[in-house]
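Okay, structure first, notes after.
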Amino acid sequence: MIYYKVLVKGLNLRPAVGFLGYSSVVLIKDGSERILVDTGNNGVRLFLYKKLKKEKITKIFISHLHFDHCANLSLFPNALVYVNGRELDFLDKNRSNYLFRPIIDNLRGAKIIRFDHEQKISSSIKMIFTFGHSIGHSSLEFEGPEGKTIIAGDAVRSYQELICPKRVEDCYNKKQFIKTAKLIERKYKVVIPGHSGCIKNGTIVSDNNKLTTF
């Protein structure tokens, strides 16, 4: 039996200038494996440290190499980190671009496991290609207690993107993104998006991030 828990429900806020947000972070337990899906942005670093300091994370799956999905890799120095080869190649080609420096720094020292084809990350969980949002975006699928489940990352960032992917503009390949989103909507009973609450049987079940002033 696979057990999973959404530790961080992704947040996506777009102010007039810049971007404020972080990705969903999901912990999966499959037998002896403890798999973390994405690691969020710096804003959830302390929370993850406290939440997972007693857990032995064996593997980390990074859906894609955007800063809000991989900023806290250094919290888990002993974990194997699975990244799609297309993402790694793209980053390598852009190493001289200072905009990619924070991501390169986050990967430094990590035990990177490159994968170039769909395969299992554990006995019951498969890494699949969900291209469109980025050049090598990938997701995890498994048979959960409520049916076929996908931890989608930014292949589907929100309920709105699932039901109307044609409105999305900021992606690497819009045609591929729409194709992927339609496949996810058709194939999976449970969708855990990259930046909103869980979607079950086409209905969002939780999307209330508690925001406070500071």
Side-chain angles (χ1 to χ4, degrees), residues 4-28 34-84 86-88 90-92 94-114 130 133-140 151-158 161 170-172 192-198 206-214:
Y4 72 90
K5 183 175 182 179
V6 180
L7 301 177
V8 176
K9 184 174 60 179
L11 176 68
N12 189 12
L13 295 177
R14 296 184 182 274
V17 177
F19 171 87
L20 174 64
Y22 48 77
S23 73
S24 298
V25 180
V26 184
L27 175 64
I28 309 176
R34 299 293 182 268
I35 303 169
L36 198 65
V37 185
D38 288 334
T39 65
N41 202 351
N42 290 322
V44 299
R45 188 175 182 85
L46 181 59
F47 172 81
L48 287 179
Y49 171 75
K50 291 179 177 179
K51 200 76 175 176
L52 296 172
K53 62 182 178 180
K54 294 183 180 179
E55 290 278 4
K56 183 180 179 181
I57 303 299
T58 55
K59 296 175 181 177
I60 295 175
F61 175 81
I62 298 297
S63 61
H64 62 298
L65 291 176
H66 286 175
F67 73 97
D68 55 326
H69 290 257
C70 60
N72 296 305
L73 278 173
S74 61
L75 288 176
F76 314 99
N78 297 316
L80 301 178
V81 180
Y82 289 76
V83 184
N84 188 299
R86 288 190 180 188
E87 293 285 300
L88 294 170
F90 180 82
L91 186 65
D92 189 57
N94 290 277
R95 296 187 76 86
S96 61
N97 188 330
Y98 74 95
L99 292 174
F100 293 89
R101 180 56 54 188
I103 299 172
I104 293 170
D105 289 344
N106 286 333
L107 293 178
R108 186 173 289 113
K111 299 177 180 178
I112 303 295
I113 304 295
R114 175 191 176 115
T130 46
H133 175 76
S134 69
I135 192 170
H137 193 286
S138 305
S139 305
L140 291 187
I151 303 178
D154 284 3
V156 172
R157 288 178 292 192
S158 66
E161 286 193 357
D170 56 336
C171 57
Y172 179 79
I192 301 174
H195 289 276
S196 74
C198 186
S206 175
D207 203 23
N208 295 315
N209 283 91
K210 295 180 180 180
L211 301 178
T212 61
T213 57
F214 61 93

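Just the heavy atoms: all of them, side chains too, but no hydrogens, waters or symmetry mates, feed the values below.
At least one side-chain heavy atom of Ser134 sits less than 4.5 Å from a side-chain heavy atom of His66. Within the 4.5 Å cutoff, the side chain of Leu7 has heavy atoms near those of the Leu36 side chain. Between Ile35 and Tyr82, the closest side-chain pair of non-hydrogen atoms is not below 4.5 Å. In this structure, Lys51 and Lys5 have side chains that are in contact, with non-hydrogen atoms separated by less than 4.5 Å. Side-chain atoms of Leu140 and Val26, non-hydrogen and from C-beta on, never get closer than 4.5 Å to each other. Side chains of Ser63 and Asp154 form no contact here, defined as non-hydrogen atoms less than 4.5 Å apart. Between Lys111 and Asn78, some side-chain heavy-atom pair lies under the 4.5 Å cut-off.
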Pair Ile192-Tyr4, side-chain contact (heavy atoms from CB on, under 4.5 Å): steps then yes or no: CA-CA 11 Å; Ile192 301 174; Tyr4 72 90; 3.5 Å; yes
Leu91 vs Val83, side-chain contact (heavy atoms from CB on, under 4.5 Å): CA-CA, chis, key distance, verdict: CA-CA 11 Å; Leu91 186 65; Val83 184; over 6 Å; no
Stepwise salt bridge (Lys or Arg N to Asp or Glu O under 4.0 Å) test for Asp105 and Arg108: CA-CA 5 Å; Asp105 289 344; Arg108 186 173 289 113; 2.8 Å; yes
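Enclosure of atom CZ in Phe47 by more than 12 non-hydrogen atoms of other residues, nucleotides or ligands within 6.0 angstrom is indicated.
The main-chain N or O of Gly194 is never found under 3.5 Å from a side-chain atom of Ser23 such that the two would form a donor-acceptor pair. The main-chain N or O of His64 is never found under 3.5 Å from a side-chain atom of His69 such that the two would form a donor-acceptor pair.
Using bins of under 30°, 30° to 60° and over 60° for the plane-to-plane angle, the ring pair Tyr172/Phe90 lands in the perpendicular bin.
The one candidate from Ile60, Val8, Val25 that meets the side chain to side chain contact (heavy atoms under 4.5 Å, CB included) condition with Thr39 is Ile60.
With values rounded to the nearest 0.5 angstrom, Leu46 atom CG is found 9.5 Å from Leu75 atom CG. Rounding to the nearest 0.5 Å places OG of Ser138 at 3.5 Å from CG of Asn84.
Counting only N and O atoms by type, the side chains of His195 and Ser158 include no donor and acceptor under 3.5 Å apart.
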